[in-house]
Amino acid sequence: MSDGKPKKRRHPETAFEEDQHIPFWISFTTYLGYGVLIGMGYVRELYRQVFPAKHRKTAKGYAPILRDFDDFYTRRLYYRIRDCWNRPINTRPAARFGIMERASSDYNVTFTYTGKTIPCVNLSSYNYLGFAENPEYVDQAVRQSIKRFGAALASPQCEFGLSEPLQKLEKLTASFVGKEAACVVGMGFATNSTILPVLAGPGSLLVSDSLNHASLVAGAKSSQAKIKVFKHGDYASLESLVRKSIWEGQPRTKGQEEYVPWTRIVIVVEGIYSMEGEIIDLPRVVDIKNKYKCLLYVDEAHSIGAIGPSGRGVCEYWKVSPKEVDLLMGTYTKSFGSIGGYVAGARDVVEAVKQFSGGTVAGTSLPPACAMQALAALEVIMGKDGSTKGKEAIESIAANARFFRQGLIDLGLTVYGDDSSPVIPVLLYNPAKMPAFSRECLKRGLGVVVVGYPATPLVESRARFCVSAAHTTKDLTEALRIIKEVSELILIKYEKPKKALS
C-alpha cells in the first residue's frame, strides 16, 4: 500500500506484510458478505432440488462438466456479475475506446446487444506504450508485411514458420534485453507453459513465487520437476527454502539412504506482478541465486517496455546486468501492441528451447504481421525509426503512473504496488463492491477491470487500472473525477488522503 511518499527500497522481509495489512472490520464484513452470498446460494440449490430447472440438468449417462463447488460458484456467484467481464469493444483498445452495450433478461446467462456504443476512457487494456493506437511508422510496416507475407504461415516455426519479420524480431529482441539469442512463441501464455518444462525435468527443483502467473504455474506443473513455493515478497523465506532444499537433496525413495543432489534449481519470479502492481526486488533475488548457484527465470510480461529509463525492464530499473538473469521472458501483448512472447538467454539454451518446446515444435508460428507489429514497435522504442517517440512514450508512462497513483491516494483509496508500475490496483474488498464499482464506472464512461477470488485472495477483491503513455492528463483527470464519484457512492474510501509525492 503506497504511503504517499517517494518509494525507497523497503526491507524485503517486512515490506509485503506491511502492505498487505487489512483492518479487522473490513475482513469481517468481507467474509460476512461471502457468507451471505454462499448461504443464499445454497438456499436456491435446495429449491432446485425440489423444482429442478430443465436446462440445468446433466444429460443421462454424462458426467457434470464442473465439480460440485465449481459449478455452484459459477452459477450462484460468478453469473450474477458476469456482465462485468468479457465486455466487447468495437474500436482499437486506445486511450479511449467504445464498449458495446449489452442487456440480459436471464441473470447474465445470455446477452443481447442493444446496438449502442458506450464511449469510455480505457483503464483496462495493457496498452502501456500506446502502440495499440497504430502510429504511422508501425501501421505502414504491418500493412506492407501483410501484402508480402499474408495473414499467417500455417506452420510451426521448426517447419516453414520462420518468416523474415520473425527472424528480425528474435535478433532485435535479444539485443534489446542484452542476451545472446531469443526464441519467439505465438502466445504469451504458451511461452511460459511450454518452455519451463524444457528447462526443468526429473531431478530438478522449481522454486516459485506464491503469486506467480497462471502460465508459470501451468509450466511448472507440466514439467517433471519438484515444485516448492515461497511466500511472495519474503526473500528470507526464499533463501531459507533454497538452502534447506540443497541440504536435503532430492526426495528419497523407499530403501534409499544416500544423498542425491538436485540436477538444477530454478528460481521463477515476475518483473511486475500483474495483480499487485509490485516490482520484484531483483538485486535480492540475484544475490540468493548467485550465493546458492541457482538458475533465475524472470517473467517480464508487464515490465518489459514499461519500466527502466529506456524501457528495458526490471534489469534496467534496478541497474542489474542482464547477465545475472539466466532467462528473461516477456510478451509482445502489452508494451508492443501485438501478440506472442519470447524467452531470451544464452544461445545454446535458446536453441534447446526451440528444439524441444511444444510452443515452437507444435504451436503455429507468430503471424508475420504480428511479428512486424512487435518489431516496428521495438524499433520505435530503440529510436531506430529516427524519431524520439519511443523515448517520449517511456517518459510519458512513468509520469502518468505517478500522477494517477497519487490521484488515487489523494482520494483516500487503498492503493497497492510501486510508484513506477503502470499496474495500479485499488482494493474493494467486499464482493458486492466489485460489480457496483464496475457498473457505476461504465455508466459514467470509464472502462475498468475488477478482479476477485480465485484470481486474488478471498478478502482482496480489487479494481486493477492500467495506465498508458497514450493517456493525456485530461483523460486521467476525468477518470479520477469518475472514480471519486463512484468511491463516494459505494463507500470504498478506507484510507485518509495522503501527502503528495515529492
For the residue pair [X] and [Y], establish whether any side-chain heavy-atom pair is separated by less than 4.5 Å.
{"X": "Phe403", "Y": "Leu476", "value": "yes"}
{"X": "Ser104", "Y": "Asp83", "value": "no"}
{"X": "Ile26", "Y": "Pro23", "value": "yes"}
{"X": "Pro283", "Y": "Asp281", "value": "yes"}
{"X": "Lys493", "Y": "Leu413", "value": "yes"}

Audit row: Val266, Val207, side-chain contact (heavy atoms from CB on, under 4.5 Å) steps and yes/no: CA-CA 6 Å; Val266 185; Val207 182; over 6 Å; no

Relative to the ring of [Y], is the ring of [X] parallel (under 30°), tilted (30 to 60°) or perpendicular (over 60°)?
{"X": "Phe336", "Y": "Tyr332", "answer": "perpendicular"}
{"X": "Tyr494", "Y": "Tyr429", "answer": "perpendicular"}
{"X": "His232", "Y": "Tyr273", "answer": "perpendicular"}

Would you say [Y] and [X] are linked by a side-chain donor-acceptor pair, where the criterion is simply a distance under 3.5 Å?
{"X": "Ser420", "Y": "Arg405", "result": "no"}
{"X": "Thr263", "Y": "Ser204", "result": "yes"}
{"X": "Asn192", "Y": "Tyr297", "result": "yes"}
{"X": "Tyr292", "Y": "Glu239", "result": "yes"}

The criterion is side-chain contact (heavy atoms from CB on, under 4.5 Å); which residues satisfy it with Val43, sequence neighbours excluded? none

Taking NZ, NE, NH1 and NH2 as the nitrogens, is one of them in [X] or [Y] under 4.0 Å from a carboxylate oxygen of the other?
{"X": "Arg96", "Y": "Asp475", "value": "yes"}
{"X": "Arg312", "Y": "Glu300", "value": "no"}
{"X": "Arg92", "Y": "Glu133", "value": "no"}

Rounded to the nearest 0.5 angstrom, the CG-OG distance for Asn430 and Ser27 is 11.0 Å

Give a yes or no on this: more than 12 heavy atoms of other residues, nucleotides or ligands lie within 6.0 Å of atom NZ of Lys228. yes

In this structure, are over 12 heavy atoms from other groups packed under 6.0 Å from Lys116 atom NZ? no

Which is it for Asn90 and Thr117 under the side chain to side chain donor-acceptor pair (under 3.5 Å) test, yes or no, and what are the steps along the way? CA-CA 8 Å; Asn90 58 7; Thr117 297; 2.8 Å; yes

Using modelled atom types only, decide if a donor and an acceptor are shared between the side chain of Thr414 and the backbone of Val426 within a distance under 3.5 Å. no

Within the side chain of Asp418, is there an N or O that forms a donor-acceptor pair under 3.5 Å with the backbone of Glu278? no

For Ser124 and Asn122, what are the C-alpha separation, side-chain angles and deciding distance, and is it a side chain to side chain donor-acceptor pair (under 3.5 Å)? CA-CA 6 Å; Ser124 54; Asn122 180 7; 2.9 Å; yes

Working for salt bridge (charged side-chain N to carboxylate O under 4.0 Å, His left out), residues Lys231 and Asp209: CA-CA 6 Å; Lys231 184 179 180 181; Asp209 191 300; over 6 Å; no

Taking the six-membered ring where the residue is Trp, are the ring centres of Tyr42 and Phe72 under 6.0 Å apart? yes

Would the Phe404 and Phe465 ring centres measure less than 6.0 Å apart? yes

Test salt bridge (charged side-chain N to carboxylate O under 4.0 Å, His left out) on Lys474 and Glu478 and set out the steps. CA-CA 6 Å; Lys474 180 182 177 182; Glu478 181 180 340; over 6 Å; no

Under the side-chain contact (heavy atoms from CB on, under 4.5 Å) criterion, do Val451 and Trp85 qualify, and how do the steps go? CA-CA 9 Å; Val451 191; Trp85 295 283; 5.7 Å; no

Does NZ or CZ of Arg80 come closer than 6.0 Å to the centre of the six-membered ring of Tyr107, within 45° of the ring's axis? yes

Is the charged tip of Arg102 near the ring of Phe111: under 6.0 Å from the six-membered ring centre and within 45° of its axis? yes

